Amino acid sequence: MEAHALRTFAQIKATVHELGQSIVAAHANDVDQQARFPHEAFAALRSERLLSSYVPANFGGDGLSLTEVSELCRILGHYCSSTAMIYAMHQIQVACLVHHGQESTYFSGYLRRMCEEQLLLASATTEMGVGGDLRSSICHVEVEGDQFTLTKQAPVISYAQHSDAILVTCRSHKEAPASDQTQVLVDTAKTKLTPLTGWDTLGFRGTCSAGFTLEAQGHKDQILPTPFSVVLAHTMHPVSHLTWGSLWTGMAQGATNKARLAVRDMMRRSDELPQVTALRLAELDEVLFSMKGGLAGAMQAYQAMLDSNNLFQAEKYGFAIQVNNVKTRCSEMVVDVVSKALQIVGIGGYRNDGKYSLCRELRDAHGAALMVNNDRIRGHNATMQVVVKES
Amino acid sequence: MYQERIRSIVAKSVKLSKDITDIQDSDDLYSVGLTSLTTVNLMLSLEDEFDIEFDDNRLSRQTFESIAALNDAVEELSA
């Protein structure tokens, strides 16, 4: 394996900012207008070996902590929400393999390959007929000899056709109940994807979150050894909400920066502090402050579990509620922040062109609460709130 | 020693995919139909039946994953 010089997190962050300002931002509008995959951004992320940032160094990755990877999601969120969202979704799948696959010869080999070839991972969790419930599957993996086959009707597989592999949830065998689930890593090139629905949406248009009938086959070693219920509680659930919360905070930060730029330009023109808009900017930053604070608290709690190698703590209802709160609050506050930024910027923000435009940001922001519906998450929290003594 | 009473509560509060008599004490209840939501019903019913209170530290998957684990929890809480 080719040796790669170790780089510091500060260097990695600087690279992501650099890519963000140049390639990612330059293509963000076209990605949005065409509702297409951000090819340029991902070619650049691959060439800088940023798809393996969460993979431990002994496999060839950068071995960043989850806090650090989330920071990269936040930075990308400044420049292109779709790119940041895809990057976050990829990292969620990577974390599932890093936390739950290292014991397996197949998956440890796959992690090495992922680093060498900078593979992009997608996921197929929801299924037609289960009403968005991640913890239920209809389809199952059929193992015969050392081979498996798997067919799934997936209403959403984000960037499926642009991925190298897809992590698919399904029942663990033909007779298994809906909740006895497992994950199978299928090779996209060997998988038949028949389109079910397209992806022509208000925002996050570049994630290409279309629906497909997925028909896959492969070797039974591609079945992740840990039950999905454990992977979800220990990794997928916290990592999803924390990386998403981070990129939404990045989007909010980007909008706040535009509002600040507008207020500063107003001040330059008049030589006076624009009283009302400056006050609104101060208020806007308070919302952003709460967003960052809530996210940081939950991030710290989860990072401590990772650092002490005690992911069983993530099963606690108190923590699950906290992580769900990150999702519901950050996804709603990002709309609030972008809307407040629009009020500050005025007509320049309402225009689709020009340096103050906030149109794409506003459309994207509305997706955060809907793409995994907040009401469903609040429903889970409502049930858990009944039994915990203190949150 | 509370297994039988726990079994009848599990059978009532959880939509099980097989008969409660076919479930061993050590079987994973989450793989036979227990979900995070039905865990709450189960917990409340156990609290009523045994006049106990589950503290926040016990509110996790491990506590509810099998009849044996539930028995341990009930024994400790009613001690």
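All chains are named by letter (A, B, ...) in the order of the sequence lines, taking the proteins before the strands, and each is independently numbered beginning at 1. None of the values given here were measured: they were computed from a predicted structure.
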Taken to the nearest 0.5 Å, the spacing of B/Ser60 OG from A/Gln313 CD works out to 8.5 Å
Between B/Tyr30 and A/Arg135, the two heavy atoms sitting closest are O-NH2, 4.2 Å
Heavy atoms of other groups near A/Asn309 CG, more than 12 under 6.0 Å
no
Who wins among A/Ser229, A/Ser136, A/Pro227, A/Gly318 for the most heavy-atom pairs under 4.5 Å with chain B?
A/Ser229
So, the part of B/Asn57 with a heavy atom under 4.5 Å from chain A: the answer is both
Hey, are the side chains of A/Val387 and B/Met43 touching, using non-hydrogen atoms and a 4.5 Å cut-off?
yes
Heavy-atom contact with chain A under 4.5 Å, split by part of B/Leu16:
neither
Heaviest contributor of heavy-atom pairs below 4.5 Å to chain B, chosen from A/Ala178, A/Ser172, A/Pro177, A/Ala314, is A/Pro177
Interatomic spacing from OG1 in B/Thr39 to CE in A/Met384 - rounded to 0.5 Å:
10.5 Å
Could you look at B/Ser31 and say if it's the side chain, the backbone, both or neither that has a heavy atom under 4.5 Å from chain A?
both
If every non-hydrogen atom of A/Ser179 is compared with every non-hydrogen atom of B/Gly33, which pair is closest and at what distance?
OG-N, 3.7 Å
Please step through side chain to side chain contact (heavy atoms under 4.5 Å, CB included) for the pair A/Glu315 and B/Thr63, ending with a clear verdict.
CA-CA 10 Å; A/Glu315 294 182 2; B/Thr63 306; over 6 Å; no
Which portion of A/Glu390 sits near chain B, non-hydrogen atoms under 4.5 angstrom
both
Check whether more than 12 heavy atoms from other residues, nucleotides or ligands sit under 6.0 Å from atom NZ of B/Lys12, and answer yes or no.
no
B/Asp51 atom CG: more than 12 heavy-atom contacts under 6.0 Å:
no
Output for pair (A/Lys316 NZ, B/Asp56 CG), nearest 0.5 Å, gives 10.0 Å
